[in-house]
Engineer: 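Okay, here's the structure, questions in a sec.
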Amino acid sequence: METPPCPDTAPPACADSQLAQRTPALTFIGLGGAGVNIAQFLAREALPGVRFAAVNTDAQSLAPLQQIETHLLAAEITRGLGAGGDPDLGRQAAEKDAAALARLCAGADLVFVAAGLGGGTGTGAAPVLARIARESGALVLAFAILPFDCEGKRRQNQALAGLQSLKSAADGVICLPNQRLNRIADEHTHLADTFRISNEFLAQTIRGIWRMLHRPGLIHTDFSHLRAALQGRHTESAFATAQAAGPNRAREATELLLASPLLEDPALLAHADTALVTIAAHNLTRGEIDRVLEPVNRQCQNAHIMLGAVLDESLGDRIEINLIASRREPASADPSRLNAPPSSPLPPSQEHLHLDLAGFSDAPESRRSHPECLPPPPSLAPETTRQLYHQKHSAGSRLRKVIPPRFRQQQLPLEIISKGRFEKSDPTIRHGEDLDIPTFKRRGIPLN
Amino acid sequence: MFSSPTIVVGLEIGTSKICAMVGEVDKSGALRLIGVGQAKSRGVRKGEIVDASPVEEDVRKAIADAEEMADVEIRSVFLGITGDHILGSNNRGVHTVLSQDREIDADDVQKVTQNARAATLPPGHHIIHAIRQYFVVDGQEGVVDPVGFAGRRLEVDLHLIHGNLDRLRNSINLVNTLQLEVDNIVFNGLAANLALLSPEEKDLGALVIDLGAGTTDFVLCRQGVIRHSGVLAVGGDHVTNDLAIGLKIPLHRAEWLKTNHGSALADPQARGQSIPGAPDAVSPEKPVNLEHLQRIMSVRLEEVFTLIARELGAAGLLDHLHAGVFLCGGGSRTPGLAALAEQIFQSPAVLGHAHAASGLQSTLDQPEFAVPIGLVKFGAMNIKQQRDRRRPWWRPPWS
């Protein structure tokens with residue numbers, strides 16, 4: 001399972017000469033069915049210095065992977081047959097295998113966790129993996145792929161609950177709601193192509209970050225900048241990337257960037273407080289930097305904008321712009337919080353950028369006690385403890401009125417459900433639910 | 001003056017059946033049930049008429065049956081009504097007593113009642129019942145009859161049951177086209193309440209749930225007065241429909257399975273059991289998984305009760321059901337329903353029995369007849385009031 005470490009992934013405790021040349025070690029872990037597919041897709045990219053791994057509870061999906069590391073999660077729980085859409089099972093499996101997951105993350109400076117939320121393994125195990133990676137000292141950037149609307153409200157709710165706990169575990173979460181792909185892929189697009197677009201987005205993101213960290217910069221952005229942009233936010237980050245060529249390449253690329261489906265919600269940029277812009281090209285002019293930054297500045301009014309300019313000959317005459325925007329949650333505004341050790345178990349964020357997460361209480365992840373196989377929670381200063389307790393307490397009282405997601409009943413708007421003999425009669429709507437639709441369908445009770 | 005017994009007829013146009021009940025009120029005001037006529041209902045959905053011509057035919061048949069059995073001619077009926085549009089609300093009216101000696105007289109009572117009736121209703125709504133709860137005299141709560149009391153400020157709490165006048169008219173017009181007069185319209189939930197509850201139970205706090213085919217009507221009584229009423233347009237038809245969709249069977253088989261094998265609680269022993277299809281069916285029927293059947297039914301019925309409990313909980317009335325929950329209507333025959341109601345309402349639940357009416361007792365002691373019996377009882381009370389007052393007290397709003 002262990003591959004010989006590549007030069008980049010050398011542990012930090014090295015000789016000084018080595019340290020000088022050291023580039024950050026990146027590890028990409030694809031978790032669950034969707035994550036494995038993405039890892040497989042990305043492994044074909046030429047990204048030296050990135051270590052790829054695929055983790056799943058389903059042995060079948062891991063079997064065809066030859067070129068990357070694979071790890072079958074807690075085979076004794078699921079017997080290698082998958083988690084069957086049960087996040088609790090996924091979480092248990094990941095917690096059971098914490099030691100193996102920690103080995104996967106060892107030595108990495110930046111761990112990407114990619115998972116499709118809504119199912120069992122991705123939803124349940126991703127927060128655990130993110131926490132383990134953080135505890136091993138790495139910066140964790142999670143990619144959460146949210147299900148299509150038509151996959152049903154239940155899956156969507158499960159995904160959102162998972163996202164919430166992922167946000168509390170990872171340094172940054174980049175969300176890719178599959179539904180947004182509808183804007184790019186119309187209904188006639190082949191399903192495989194639709195997922196390829198989704199994968200391509202992630203690939204661009206990884207490539208962008210990799211380029212930022214590995215290529216020489218005119219205005220250098222390094223790991224510390226990325227860390228500054230993400231760390232301690234515990235909130236959703238937005239990422240977009242765009243490329244263009246030609247005489248007006250800077251303007252075109254900027255327009256493409258800002259029109260990216262991942263930045264659909266204008267509030268996302270308007271409320272961002274850190275934006276990391278990297279511009280990569282072979283022959284970059286000052287005017288081009290102006291043309292890129294001017295619209296970005298206009299969009300991100302409140303953001304602290306960090307600029308990086310990278311020289312990359314492989315781009316030819318194209319220009320590539322990457323944008324990472326993240327928003328500080330109000331609670332983290334106090335300085336003591338920002339100085340908190342990276343492994344402090346911070347309360348889950350109640351912030352939402354463009355997803356309505358109202359109605360989700362503390363994710364189960366943050367409620368349960370740490371299992372025995374994990375290291376004990378880090379010791380905190382009494383003052384920090386008091387603040388955390390206070391935040392948690394106030395957040396709890398705010399959420400107490402909200403019905404927990406498990407009991408939330410909602411209409412499934414896009415799923416076509418027969419109402420039988422009540423098809424033509426006046427619908428009976430109570431609390432936003434169409435009572436003419438069979439209860440077992442609305443509650444998602446399986447009949448097998 | 002009233003030497004011959006007066007005939008009172010209750011007519012319920014239900015979603016699954018139409019029932020006409022004939023009662024006889026003698027000189028002393030005692031009620032005796034003397035006839036009943038029934039017809040299978042077509043053209044009614046969720047308690048409201050959607051297709052008039054079959055309904056006319058069915059009503060005619062039910063009335064004719066009842067006439068034959070009771071050997072009387074029916075000229076007018078007390079018509080039971082229900083539907084999603086019917087709402088219950090409480091309203092308080094205030095009146096300042098202006099007389100010199102501050103003694104409250106009947107005029108003041110009438111005025112305060114009028115004020116309480118002037119509630120803000122949804123547009124097009126008509127008050128079906130304005131039921132007096134209690135008077136308040138200068139802040140003294142719980143006064144039953146304030147006439148003769150001294151006070152300056154007289155208040156009254158009314159429970160108003162109101163519905164959309166146009167939709168009420170549909171049923172009334174249909175009955176009128178059959179050369180029948182409508183004496184009064186009565187909310188079905190109120191009728192069930194009259195039929196099932198004794199004064200003591202009303203005092204203790206009781207909830208009547210009429211699980212019909214099209215709607216579920218509920219009325220809560222406490223301290224002898226009606227505190228809450230409502231209609232949920234979900235009934236036995238929904239259960240049948242759920243079964244037809246969930247088990248992928250035709251509606252008639254779903255109906256048969258519901259009545260013969262249904263349960264309001266998912267029985268763990270049903271796991272793995274199946275019900276074979278009828279052997280003599282024209283087309284072969286697939287066996288049906290009993291566990292699925294019970295689960296589909298139980299989640300639906302549980303939801304109905306939960307919605308009612310939630311509404312009552314919001315009104316702060318859930319903790320006052322000391323007499324318990326009384327179930328009636330065709331749906332109440334479902335095995336385990338009382339146990340389910342006990343779980344959800346956290347109070348004793350029983351199948352209600354219509355009492356305080358003599359004649360035909362054994363045949364009519366069935367949950368389906370609670371509403372028609374209640375309608376007749378309402379009519380009998382109405383006639384008694386008319387006799388007592390000797391003056392017309394009620395004018396139909398559509399005349």
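Chain A is the first sequence line, chain B the second, and so forth, proteins listed ahead of strands; every chain is numbered from 1.
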Engineer: Find the distance between CZ (R443(A)) and CZ (R300(B)) and round it off to the nearest 0.5 Å.
Structural biologist: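 Separation between the atoms: 9.5 Å.
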Engineer: Against chain B, label I445(A) side chain, backbone, both or neither, depending on which of its atoms sit under 4.5 Å from a heavy atom there.
Structural biologist: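 Interface part for I445(A): side chain.
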Engineer: Given heavy-atom pairs under 4.5 angstrom as the criterion, report whether the side chain, backbone, both or neither of A244(B) touches chain A.
Structural biologist: neither
Engineer: With heavy-atom distances below 4.5 Å as the criterion, would you say the side chains of D436(A) and H238(B) are in contact?
Structural biologist: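 When only atoms from C-beta onward are counted, H238(B) and D436(A) do touch, with a gap below 4.5 Å.
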Engineer: Looking at F440(A) and D242(B), what are the two nearest heavy atoms and their distance?
Structural biologist: CE2-O, 3.6 Å
Engineer: Please give me the minimum heavy-atom distance between P438(A) and I245(B), naming the atom from each residue.
Structural biologist: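 Taking every non-hydrogen atom into account, CG-CD1, 3.7 Å.
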Engineer: Mind checking the CG-CD spacing from L307(B) to E433(A)? Nearest 0.5 Å is all I need.
Structural biologist: 7.5 Å
Engineer: Please find the pair of heavy atoms, one from V231(B) and one from R430(A), that lie closest to each other, and give the distance.
Structural biologist: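 Smallest heavy-atom distance, with atoms named: O-NH2, 2.7 Å.
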Engineer: Which residue out of D237(B), L247(B), V234(B), L232(B) racks up the most heavy-atom pairs below 4.5 Å with chain A?
Structural biologist: D237(B)
Engineer: Can you give the donor-acceptor pairs under 3.5 Å from side chains of residues 266-277 of chain B to other protein atoms, not counting sequence neighbours?
Structural biologist:
from: D267(B); atom 1: OD1; to: Q269(B); atom 2: N; distance (Å): 3.1
from: R271(B); atom 1: NH1; to: E291(B); atom 2: OE2; distance (Å): 3.2
from: Q273(B); atom 1: NE2; to: Q269(B); atom 2: O; distance (Å): 2.9

Engineer: For the pair K46(B) and D426(A), find out whether any cationic side-chain nitrogen is under 4.0 Å from an anionic carboxylate oxygen.
Structural biologist: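 Here K46(B) does not pair with D426(A) in a salt bridge, since their nearest N and O are not under 4.0 Å apart.
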Engineer: Among V239(B), L251(B), V50(B), which residue forms the greatest number of heavy-atom pairs with chain A at distances under 4.5 Å?
Structural biologist: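 Among V239(B), L251(B), V50(B), the one with the most close pairs to chain A is L251(B).
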Engineer: Considering non-hydrogen atoms only, spot the tightest contact between T240(B) and R421(A) and give its length.
Structural biologist: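 Smallest heavy-atom distance, with atoms named: CG2-NH2, 3.8 Å.
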Engineer: Give the intermediate values and the outcome of side chain to side chain contact (heavy atoms under 4.5 Å, CB included) for residues L301(B) and T439(A).
Structural biologist: CA-CA 9 Å; L301(B) 293 167; T439(A) 317; over 6 Å; no
